[in-house]
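Below: one structure, written as structure tokens.
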Amino acid sequence: MSYMQLSEQEIVRRENLQKIIETGVNPFPAEMFEKNTTSAEIHANYDAEKNNFQEVVIAGRIMQKRIMGKASFAEILDNTGRIQIYVNRDEICPGEDKTLYNTIFKKLLDIGDFIGVKGYAFTTKTGTLSIHVSELTILSKALRPLPIVKTDAEGNVHDAFTDPEQRYRMRYVDLVVNPEVKEVFRKRSKILSSMRRFFDDRDWLEVETPVLQAIHGGAAARPFKTHHNTLDMPFFLRIANELYLKRLIVGGFEGVYEIGKMFRNEGMDRTHNPEFTSMEIYVAYKDYIWMMEMVEQCLEYIAKEVNGTTKVMYDGNEIEFAGPYVRMSMYESIEKYTGVDVSEKSEDEMRAFCKELHIPVDPSMGRGKLIDEIFGEKVEANLIQPTYITDYPLEMTPLAKKHRSKEGLVERFELFINGKEIANAYSELNDPIDQRQRFADQLELAKRGDDEAMVLDEDFLRSLEFGMPPTSGLGIGMDRLTMLLTGQHSIQDVLFFPQMKAEKK
RNA sequence: GAUCGGUUAGCUCAGCUGGUAGAGCAACGCCCUUUUAAGGCGUGGGCCCUGGGUUCGAGCCCCAGACCGAUCACCA
């Protein structure tokens, strides 16, 4: 970048940097700066009576400067929040040389620069807790102006940094300038850590399985393709890790889970990012009914850990995460919202019913897919409070065990909250002969034109042939769960760096 | 992928039927020792997303494109 392309403000900051160097001060010092407290700690615990915090050392970014001559106020922002500092010329420059105050602090330090200060806490005439500064150290210089959001007395907002494109592309600026963004990501971290704690307390093992897979099994989605040079073979970025986790159950672990990125080469919108975080867990000797209770306990625990309550306001609805959740079979849910019992309908009758409901159909759709279409169109959006939909048609679910008593169905549930799928679980299919047949059925669907049909994984079948205990498995979309628990409406707002097109120039 | 909307100063946004490009905040200069949107006075700052076209003249009109957003489609 040439000097000519810099904005006026960038040029000024580079000149200020140079002038600081010329006064003999290093604007990017190498040595550590030892803080002894934080802005939040002082705010929480300062007590004028006790006269505490008389030797504080803090560091952060300058967010505002109010210069008044021989004394000034500024605000600095650390990881915990803002605090005001009071800088008096003759206190930071006790001798004849007033350069540090007159030149460096007043003129050469800009909003966005990192400084460290030593001093004591006090309250100003107007009652604002501040740090009376005795020593001031430059820790790092900012060369670009930071848009600091301010609200004036009439409530007008100045300098808001709101353009979604800019916020996502320059998340580092967004995080500095919009404090509520940090809070969302702190909660995201807490959701992940509390979920791990919940599982770890039950002695289930966190594991890692391959991201690069030769066969993209375990789900139906278009994958990203890549290539390994030394092996000279194509690989896919995983669309799911289900088949690997089940191999570990075959191997003798009785509870394994993985929290990790999945990659799907498909459309992007408010609820889809090409890479997203999923949690999958498999527990041996359990079934999907047990799993429903586990999920209720787990989500209740996480909600409490993250928000201190099991209730969350979202889209004007108060969602209650404490169980038990409503349970409804897929057929029951369709009957409830269309008034029609479809459980006995043949594929042709189902297709006719779809037309009656004005749902578009095509010949590649089997009976299961048609049911799914009706469900998606008529039922899904109504499921605001956490609701389990159970017992799915067999042909849509090639990895789940046949229902213990209901013909043509599998033991599966999905959890819906606020009209969106949050979790998906099965009593896992562990009969290798049945599993092979299901893969074969998928192949038939693919021949009919269903491009979402699942791919056969011969090694996975081999593992089942060695024997897998009865197992229940669950997947949760962590990004969508985070959206719910943090009140966000776009997946981009719960990802630090959402995928975007390349920036021009 | 389709439709609609957006793109103008560091940030947020005005800009009429086409006629020398504006505001607030930020920046710069001077004044000011407890302010808090500090204040007062003054100053500078623009490939108006890109490329074509119409016109005496385009930020504005037309065509093509880029990027972002919303809705839909797709994505169990």
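Keep in mind that what you see is a predicted model, and the values were worked out from it rather than measured.
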Report task. Would you mind reading off the distance between A/His489 atom NE2 and B/U71 atom C1', rounded to a whole angstrom? Result -> 16 Å
Requested in this report: Kindly state each residue pair satisfying salt bridge (charged side-chain N to carboxylate O under 4.0 Å, His left out) with at least one member in residues 385-401 of chain A, sequence neighbours excluded.
Outcome: A/Asp391-A/Lys406
Requested in this report: Sequence neighbours left out, what passes side-chain contact (heavy atoms from CB on, under 4.5 Å) with A/Gln492? Give chain and number order.
Outcome: A/Tyr168, A/Ser490, A/Pro498
Requested in this report: Could you state the atom-to-atom distance from CZ of A/Arg14 to P of B/C28 in whole Å?
Outcome: 15 Å
Query raised in the report: Taking CZ from A/Arg89 and P from B/C31, how many angstroms apart are they, rounded to a whole number?
Result: 12 Å
Query - Side-chain N,O (A/Arg66) to OP1/OP2 (B/A38) below 4.0 Å - result: yes
Requested in this report: Provide, to the nearest angstrom, the distance between the CD atom belonging to A/Glu165 and the C1' atom belonging to B/U12.
Outcome: 16 Å
Requested in this report: Quote, to the nearest angstrom, the P distance that separates B/A58 from B/C48.
Outcome: 13 Å
Report task. Could you measure between the two P atoms, the one in B/C61 and the one in B/G15, and give it in whole Å? Result -> 12 Å
Query raised in the report: Can you name the side-chain contact (heavy atoms from CB on, under 4.5 Å) partners of A/Tyr337, sequence neighbours left out?
Result: A/Val379, A/Asn382, A/Leu383
Every protein N/O within reach of nucleotides 7-11 of chain B N/O, cut-off under 3.5 Å:
from  : atom 1 : to       : atom 2 : distance (Å)
B/G10 : N9     : A/Gln9   : NE2    : 3.3
B/G10 : N7     : A/Gln9   : NE2    : 3.4
B/G10 : N2     : A/Asp159 : OD1    : 3.0
B/C11 : OP1    : A/Gln166 : NE2    : 3.3
B/C11 : O2'    : A/Asp159 : O      : 3.2
B/C11 : O2'    : A/Ala160 : O      : 2.4
B/C11 : O2     : A/Asp159 : OD1    : 3.0

Report task. Sequence neighbours left out, what passes ring-ring contact (aromatic ring centres under 6.0 Å, His included) with A/Tyr257? Give chain and number order. Result -> A/Phe199
Query raised in the report: Say you pick atom C1' in B/C62 and the same atom in B/A73; how far apart are they, in whole Å?
Result: 30 Å
Report summary line: On RNA chain B, more 5' by nearest nucleotide between A/Glu266 and A/Lys65 is A/Lys65
Query - A/Glu332 vs A/Lys336, salt bridge (Lys or Arg N to Asp or Glu O under 4.0 Å): CA-CA, chis, key distance, verdict - result: CA-CA 6 Å; A/Glu332 285 165 359; A/Lys336 177 170 177 184; over 6 Å; no
Report task. Identify which nucleotide among B/C32, B/U35, B/A76 has an atom closest to any side-chain atom of A/Thr128, counting heavy atoms from C-beta outward. Result -> B/U35
**Report entry** Residues in side-chain contact (heavy atoms from CB on, under 4.5 Å) contact with A/Pro386, at least two apart in sequence or another chain
**Finding:** A/Ile319, A/Tyr325, A/Leu415, A/Ile417
Requested in this report: Can you tell me the distance, in whole Å, between the CD atom of A/Glu15 and the P atom of B/G44?
Outcome: 17 Å
Requested in this report: Report the nucleotide, chosen from B/A76, B/A37, B/C32, that has the shortest atom-to-atom distance to any side-chain atom of A/Lys150.
Outcome: B/A37
Query raised in the report: Between A/Lys125 and B/A38, is there a side-chain N or O to OP1/OP2 distance below 4.0 Å?
Result: no
Report task. Quick one: label A/Phe413 by what it contacts on the DNA or RNA (base, sugar-phosphate, nothing), any heavy atom closer than 4.0 Å. Result -> nothing
Report task. Assign A/Gln492 to base, sugar-phosphate, or nothing according to its heavy-atom contacts below 4.0 angstrom with the strands shown. Result -> sugar-phosphate
**Report entry** Output field: ring centroids A/Tyr86/A/Phe73 closer than 6.0 Å
**Finding:** yes
Query raised in the report: Does A/Glu91 have any side-chain hydrogen bond (donor to acceptor under 3.5 Å, both in side chains) partners at least two apart in sequence or in another chain, and if so, which?
Result: A/His132
Requested in this report: Could you tell me the separation between the CD1 atom of A/Ile148 and the C1' atom of B/A27, rounded to a whole number of Å?
Outcome: 14 Å
Query - Sequence-distant partners of A/Lys402, side-chain hydrogen bond (donor to acceptor under 3.5 Å, both in side chains), two or more places apart - result: none
Query raised in the report: Base, sugar-phosphate, or nothing for A/Arg270, non-hydrogen atoms under 4.0 angstrom?
Result: sugar-phosphate
Query raised in the report: Heavy-atom contacts under 4.0 Å between residues 377-391 of chain A and RNA chain B, which residues?
Result: none
Report task. Please tell me which of the listed nucleotides, B/A38, B/A76, B/C68, lies nearest to the side chain of A/Met68? Result -> B/A38
Report summary line: Note, RNA chain B 5' to 3' with Watson-Crick or G-U pairs under 3.5 Å encoded as ( ), [ ], | and . gives (((((((..((((.....[..)))).(((((.......))))).....(((((..]....))))))))))))....
Requested in this report: Tell me whether the OP1 or OP2 atom of B/C67 has a side-chain N or O from A/Lys501 closer than 4.0 Å.
Outcome: yes
Query raised in the report: Within the pair A/Lys106 and B/C28, is there a side-chain N or O less than 4.0 Å away from OP1 or OP2?
Result: no
Query - Closest listed nucleotide, where the reference is the side chain of A/Thr124 and the choices are B/U34, B/G69, B/C67 - result: B/U34
Query raised in the report: Looking at A/Arg264, does any N or O in its side chain come under 4.0 Å of the phosphate oxygens OP1/OP2 on B/A76?
Result: yes
Query raised in the report: Between B/A38, B/U71, B/U33, which nucleotide has the shortest distance from any of its atoms to the side chain of A/Asn88?
Result: B/U33
Query raised in the report: If we take the C1' atom in both B/U8 and B/G22, what is their distance in whole Å?
Result: 10 Å
Requested in this report: To the nearest Å, give me how far apart CG (A/Leu6) and C1' (B/A27) are.
Outcome: 14 Å
Report task. Scan A/Arg412 against the nucleic acid and name what it touches under 4.0 Å (heavy atoms): base, sugar-phosphate only, or nothing. Result -> base
Report task. State whether A/Tyr282 and A/Lys246 meet the cation-pi test: NZ (Lys) or CZ (Arg) under 6.0 Å from the six-membered ring centroid, and within 45° of the perpendicular axis. Result -> no
**Report entry** Between C1' of B/C32 and CZ of A/Phe73, the distance in whole Å
**Finding:** 13 Å
Query raised in the report: Does a side-chain N or O from A/Gln64 land closer than 4.0 Å to OP1 or OP2 of B/A38, or not?
Result: yes
Query raised in the report: Any cation-pi pair here, A/Arg412 with A/Tyr392, using under 6.0 Å and within 45°?
Result: yes
**Report entry** Touch class at under 4.0 angstrom, heavy-atom based, for A/Phe122 against every strand present
**Finding:** base
Query raised in the report: Residues in side-chain contact (heavy atoms from CB on, under 4.5 Å) with A/Phe224, at least two apart?
Result: A/Leu237, A/Phe263, A/Asn265, A/Pro274
**Report entry** Cationic tip of A/Lys98 above A/Phe105 ring, under 6.0 Å, 45° of axis
**Finding:** no
**Report entry** No-H, no-angle donor-acceptor pair, A/Asp269 side chain to B/C74 base, under 3.5 Å
**Finding:** yes
Report summary line: Contacts of A/Phe496 meeting ring-ring contact (aromatic ring centres under 6.0 Å, His included) (sequence neighbours excluded), chain-then-number -> A/Phe185
